[in-house]
S.K.: 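Right, I'll just put the structure down here and ask away after.
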Amino acid sequence: MNKTIYLTLSGLFMFAAGLILLFSTTIGVGISKIMVPLFFFVSGILAFMFSQANGQHKIAKTFHLLQGVGLMTFAVIIAIWPDTLAMFLTITTYFVMVYGLFELMFAFSVLRSSYKLDVSILITRLLVGLVNLVGSFILFMALLKSTGLGLQVAGFLIVLGGIGFMLFASRVKKNL
């Protein structure tokens, strides 16, 4: 049984975390500091649950397991470590870069394997990886200019990440 709802909800929580960042000046920094790590943690739990609920290919299962652990780890780190907005954004820059690299590694791992993956799924993973990798450099440059601009870019990239999860879930569901 393929429970793509876990992955869809994971993307929805990531999307919501990105929106909170985008509107953090309106919502309030105090609320944002609580909600963003919480939403990332829940997103990680759901990605982990997706990996455990599905009997997909070993590479995909491992990828989603690591993805869930990575999201939960990021949530804990941003909840306890940064004491300034600049530090939060620096950590987020590294997270986005690692996430992009991880997506690309997954796609290339599948290409190297004998597993037959739908081309649309593979293209989705490659695009998400490239967008996040390039986005991390844009985020870094924006952060050098101002933390406000960095916050907007980070929010936008995280929203895109959530959309990427939801698109991936819909592609997986179509291939059932």
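As a basis for the values below, the full set of heavy atoms in this structure was taken, side chains included, without hydrogen atoms, waters or symmetry mates. It should be emphasised that the depicted structure is a prediction, and the values quoted were computed from it without experimental measurement.
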S.K.: Can you tell me how far apart OG (S24) and CD (Q152) are? Round to the nearest 0.5 Å.
M.R.: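 With rounding to 0.5 Å, OG (S24) is 7.0 Å from CD (Q152).
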S.K.: Between F102 and F63, does the ring centroid distance fall short of 6.0 Å?
M.R.: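 Ring centroids of F102 and F63 are less than 6.0 Å from each other.
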S.K.: Is it the case that one hydrophobic cluster holds both I27 and V159, taking links as side-chain heavy atoms less than 4.5 Å apart, direct or via other members?
M.R.: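 Cluster IDs for I27 and V159 match.
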S.K.: Does anything in residues 82-98 form a side-chain hydrogen bond (donor to acceptor under 3.5 Å, both in side chains)? List the pairs, not counting sequence neighbours.
M.R.: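 Counting only pairs at least two positions apart or across chains, no side-chain hydrogen bond (donor to acceptor under 3.5 Å, both in side chains) contact touches residues 82-98.
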S.K.: What do you reckon, is CZ of F88 surrounded by more than 12 foreign heavy atoms closer than 6.0 Å?
M.R.: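 Check passes, neighbour count above 12.
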S.K.: Would you name the heavy atoms of I45 and M72 that are closest together and state the gap between them?
M.R.: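 In this case the closest contact between I45 and M72 is CG1-SD, 3.6 Å.
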S.K.: My understanding is that only one of V134, I138, L139 makes a side-chain contact (heavy atoms from CB on, under 4.5 Å) with L157; could you say which?
M.R.: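 It is L139, the one option of V134, I138, L139 that forms the side-chain contact (heavy atoms from CB on, under 4.5 Å) with L157.
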S.K.: If hydrophobic clusters are built by linking Ile, Leu, Val, Met, Phe, Trp and Tyr wherever their side-chain heavy atoms come under 4.5 Å apart, do V29 and W81 end up in the same one?
M.R.: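 Looking at the clustering, W81 is in a separate group from V29.
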S.K.: Which heavy-atom pair separates A60 from F106 by the least distance, and what is that distance?
M.R.: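 Answer, listing the atom of A60 first, then F106: CA-CE1, 3.7 Å.
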S.K.: Measure the spacing between OG of S51 and OH of Y6 and express it to the nearest 0.5 Å.
M.R.: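 Answer rounded to 0.5 Å: 11.0 Å.
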S.K.: Ring centroids only, cut at 6.0 angstrom: are F50 and F168 within range, meaning strictly under it?
M.R.: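 Between F168 and F50, which both carry aromatic rings, the centre distance is not below 6.0 Å.
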S.K.: Shortest non-hydrogen contact from M87 to P82?
M.R.: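 Minimum heavy-atom separation between M87 and P82: SD-CA, 3.3 Å.
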S.K.: Give me the one residue out of L151, V153, L21 that meets side-chain contact (heavy atoms from CB on, under 4.5 Å) with L89.
M.R.: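 Only match with L89 under side-chain contact (heavy atoms from CB on, under 4.5 Å): L151.
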S.K.: State plainly whether one hydrophobic cluster holds both M141 and L149, where clusters connect Ile, Leu, Val, Met, Phe, Trp and Tyr through side-chain heavy atoms under 4.5 angstrom apart.
M.R.: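 As far as the 4.5 Å side-chain criterion goes, L149 and M141 are not connected within one cluster.
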S.K.: Can you see which heavy atom on G11 is nearest to which on F165, and at what distance?
M.R.: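 Heavy atoms of G11 and F165 come nearest at CA-CB, 3.3 Å.
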S.K.: Flag yes if V42 and I80 sit in one hydrophobic cluster, no otherwise; membership is Ile, Leu, Val, Met, Phe, Trp, Tyr, and two members link when side-chain heavy atoms are under 4.5 Å apart.
M.R.: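 Yes; tracing contacts between hydrophobic side chains, which count when under 4.5 Å, links both residues.
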S.K.: What closest approach, in Å, do M14 and G161 show between heavy atoms, and which atom pair accounts for it?
M.R.: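 Nearest pair, atom of M14 first, then G161: SD-C, 3.4 Å.
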S.K.: Mind checking whether H64 and L7 have side chains closer than 4.5 Å, heavy atoms only?
M.R.: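 Touching, per the 4.5 Å side-chain cut-off.
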S.K.: Do T124 side-chain atoms and S120 backbone N/O form a donor-acceptor pair below 3.5 Å?
M.R.: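 Yes, T124 side chain to S120 backbone: donor-acceptor pair under 3.5 Å.
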S.K.: In this structure, which one of V110, V172, L167, L126 forms a side-chain contact (heavy atoms from CB on, under 4.5 Å) with I121?
M.R.: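 The passing option is V172.
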S.K.: For the residue pair Y99 and Q67, establish whether any side-chain heavy-atom pair is separated by less than 4.5 Å.
M.R.: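 In short, these two side chains touch, coming nearer than 4.5 Å.
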S.K.: Output the distance between atom CE (M166) and atom OG1 (T8), rounded to the nearest 0.5 Å.
M.R.: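 Answer for the CE-OG1 pair, M166 versus T8, is 8.0 Å.
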S.K.: Which heavy atom in N132 sits nearest to a heavy atom in V128, and how many Å separate them?
M.R.: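 What the structure gives for the nearest pair is ND2-O, 2.8 Å.
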S.K.: Supply the atom-to-atom distance M97 CE to F140 CZ, rounded to the nearest 0.5 angstrom.
M.R.: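 Spacing of CE (M97) from CZ (F140) equals 9.0 Å.
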S.K.: L130, L101: one ILVMFWY side-chain cluster at the under-4.5 Å cut-off?
M.R.: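 They do share one cluster, since a chain of ILVMFWY contacts under 4.5 Å joins L130 to L101.
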S.K.: If you measure from OG on S113 to CD1 on I59, what distance do you get to the nearest 0.5 Å?
M.R.: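 Between atom OG of S113 and atom CD1 of I59 there are 4.0 Å.
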S.K.: Rounded at 0.5 Å granularity, tell me how far CZ in F40 sits from CG in L71.
M.R.: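 With rounding to 0.5 Å, CZ (F40) is 6.5 Å from CG (L71).
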